[in-house]
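Below is one structure; the comments refer to it alone.
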Amino acid sequence: MKKILITGSNGQLGSEIRALAASYPDFRFVYTDVDELDLTNRAAIQDLFDREHFDVCVNCAAYTAVDKAEDDRELALLINATAVEYLACECAAHHSVLVHVSTDYVFDGTHHQPYVETDAPSPNSYYGLTKLEGEKAVQKYAETAIILRTAWLYSAFGNNFVKTMLRLGKERDSLGVVVDQIGTPTYAGDLAKAILDLVANDKIKNQKVELYHYSNEGVISWYDFAKAIMREAGVDCQVNAIESKDFPAKANRPFYSVLNKAKIKSAGGVEVPYWLDSLTKVIRQLKTGNL
Ligand SMILES: NC(=O)c1ccc[n+]([C@@H]2O[C@H](COP(=O)([O-])OP(=O)(O)OC[C@H]3O[C@@H](n4cnc5c(N)ncnc54)[C@H](OP(=O)(O)O)[C@@H]3O)[C@@H](O)[C@H]2O)c1
């Protein structure tokens, strides 16, 4: 039986892992969020690892407020980079495998074809920069680890674009959504399953640190995504295409951040569902309250 520590387990990804736990009877999960294990507290991490042996640690914790991070720099860096260093060191000291989650926002979005793992990152936001620093900490300090870069996460749990669109769609007759940022939405439940399947299939053995891209399949804009959300949910709200320059945000975002999934697919044992199939599933969950 593998013992798995889930950090940040009240977030979208952590909640999806909890929801899947019963399907992995060979795993014993220990769930923590900031109240049980504040990752900025190095002594608390050391204490927990000294008390319990974890085979695997899946780090779902992060500072994910992209715009807020532009002002809240110290805390964003502390959670997304310094805390990851603490975790990587502790995992190495106890020979635990670390699964760390990163983002498509490590890229500046100037590409016109899907980013591969060997493409040079160049974040154009402070959030992206802190996440890249977190990746570097894993590369430097972990013994055995995978870093999974993902994109545009949503879930029936937590706050995300899908839920915001559904709320606004019910409040308004029309709304504008940016059409010039292209990427791929990812259902956090699909990512959770990919992570647990990688662990279950022993795909993270005998390697130092391996970097993979994982998102749902397909390529769309936020505008296309919003249209699909309204259509799938049966919400009568007109979605209008607008340009990023007409929707000023504090942080820059990449115009193109599609991730190439060839590497993780060739590793085997991981499903990469089409974005619309997963969206349909989540809208159904939200409608029925069947989580
Ligand atoms: N959301 C996206 O669109 C997206 C896109 C690409 C990549 N990612 C990455 O995917 C991963 C999972 O994202 P998510 O959307 O599931 O994030 P999330 O919903 O924001 O969850 C993150 C969790 O971490 C917790 N946390 C914050 N500071 C902590 C600390 N010091 N110690 C322990 N826990 C702490 C948060 O608690 P509080 O809520 O109390 O702060 C929250 O429960 C992250 O690494 C993120 O960077 C996300």
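Atoms within a ligand are numbered from 1 in the order they appear, just like the ligands themselves. Count residues from 1 along the sequence.
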Closest candidate by heavy atom, reference [atom], pool [options]:
| atom | options | answer |
| --- | --- | --- |
| atom 12 (C) of ligand 1 | Gly14, Ser9, Cys60 | Cys60 |
| atom 8 (N) of ligand 1 | Tyr127, Tyr63, Tyr105, Tyr214 | Tyr127 |
| atom 7 (C) of ligand 1 | Ser102, Gly128, Ala151 | Ser102 |
| atom 27 (C) of ligand 1 | Gly11, Ala62, Ala192, Ala76 | Ala62 |
| atom 34 (N) of ligand 1 | Ala44, Ala61, Pro185 | Ala61 |

How about [X] and [Y]: does a side-chain donor come under 3.5 Å of a side-chain acceptor?
| X | Y | answer |
| --- | --- | --- |
| Tyr105 | Asn124 | no |
| His95 | Glu143 | yes |
| Asn59 | His100 | yes |

Which residue and atom name correspond to the protein heavy atom nearest [atom], and how close is it?
| atom | result |
| --- | --- |
| atom 32 (N) of ligand 1 | Leu39 N, 3.0 Å |
| atom 28 (N) of ligand 1 | Ile79 CD1, 3.5 Å |
| atom 23 (C) of ligand 1 | Gly8 O, 3.8 Å |
| atom 15 (O) of ligand 1 | Gln12 NE2, 2.9 Å |
| atom 17 (O) of ligand 1 | Thr64 CG2, 3.5 Å |
| atom 16 (O) of ligand 1 | Leu13 N, 2.9 Å |

Mind checking whether [X] contacts ligand 1 via backbone (N, CA, C, O), side chain (CB onward), both or neither, at a 4.0 Å heavy-atom cut-off?
| X | value |
| --- | --- |
| Leu37 | backbone |
| Lys131 | side chain |
| Trp152 | backbone |
| Val101 | both |
| Leu153 | both |
| Ser155 | neither |

Mark up the atoms of ligand 1 that fall under 4.0 Å of a heavy atom belonging to [X], in ascending order.
| X | value |
| --- | --- |
| Asp33 | 25 (C), 34 (N), 36 (C), 37 (O), 42 (C), 43 (O) |
| Thr40 | 31 (N) |
| Thr150 | 6 (C), 7 (C) |
| Asp38 | 30 (C), 31 (N), 32 (N) |

Test item: Lys250 side-chain N/O and Lys68 main-chain N/O as donor-acceptor pair under 3.5 Å: no
Salt-bridge criterion met for Arg253 and Asp67 (N-O under 4.0 Å): yes
Ion pair Lys281/Asp277, N-O distance below 4.0 Å: no
Verify atom 41 (O) of ligand 1: protein non-hydrogen atom under 4.0 angstrom away: no
Hydrophobic cluster membership, Phe107 vs Leu211, 4.5 Å side-chain cutoff: no
Check: Tyr31 ring centre within less than 6.0 Å of Phe29 ring centre: yes
Ring centroid separation Phe49 to Phe54 under 6.0 Å: yes
Option from Tyr187, Trp222, Phe161 for which ring-ring contact (aromatic ring centres under 6.0 Å, His included) with Trp152 holds: Trp222
Thr7 heavy atom under 4.0 Å from ligand 1: no
Heavy-atom side-chain contact between Gln139 and Ile147 under 4.5 Å: yes
Ile283: which of Ile229, Thr288, Val235 passes side-chain contact (heavy atoms from CB on, under 4.5 Å): Ile229
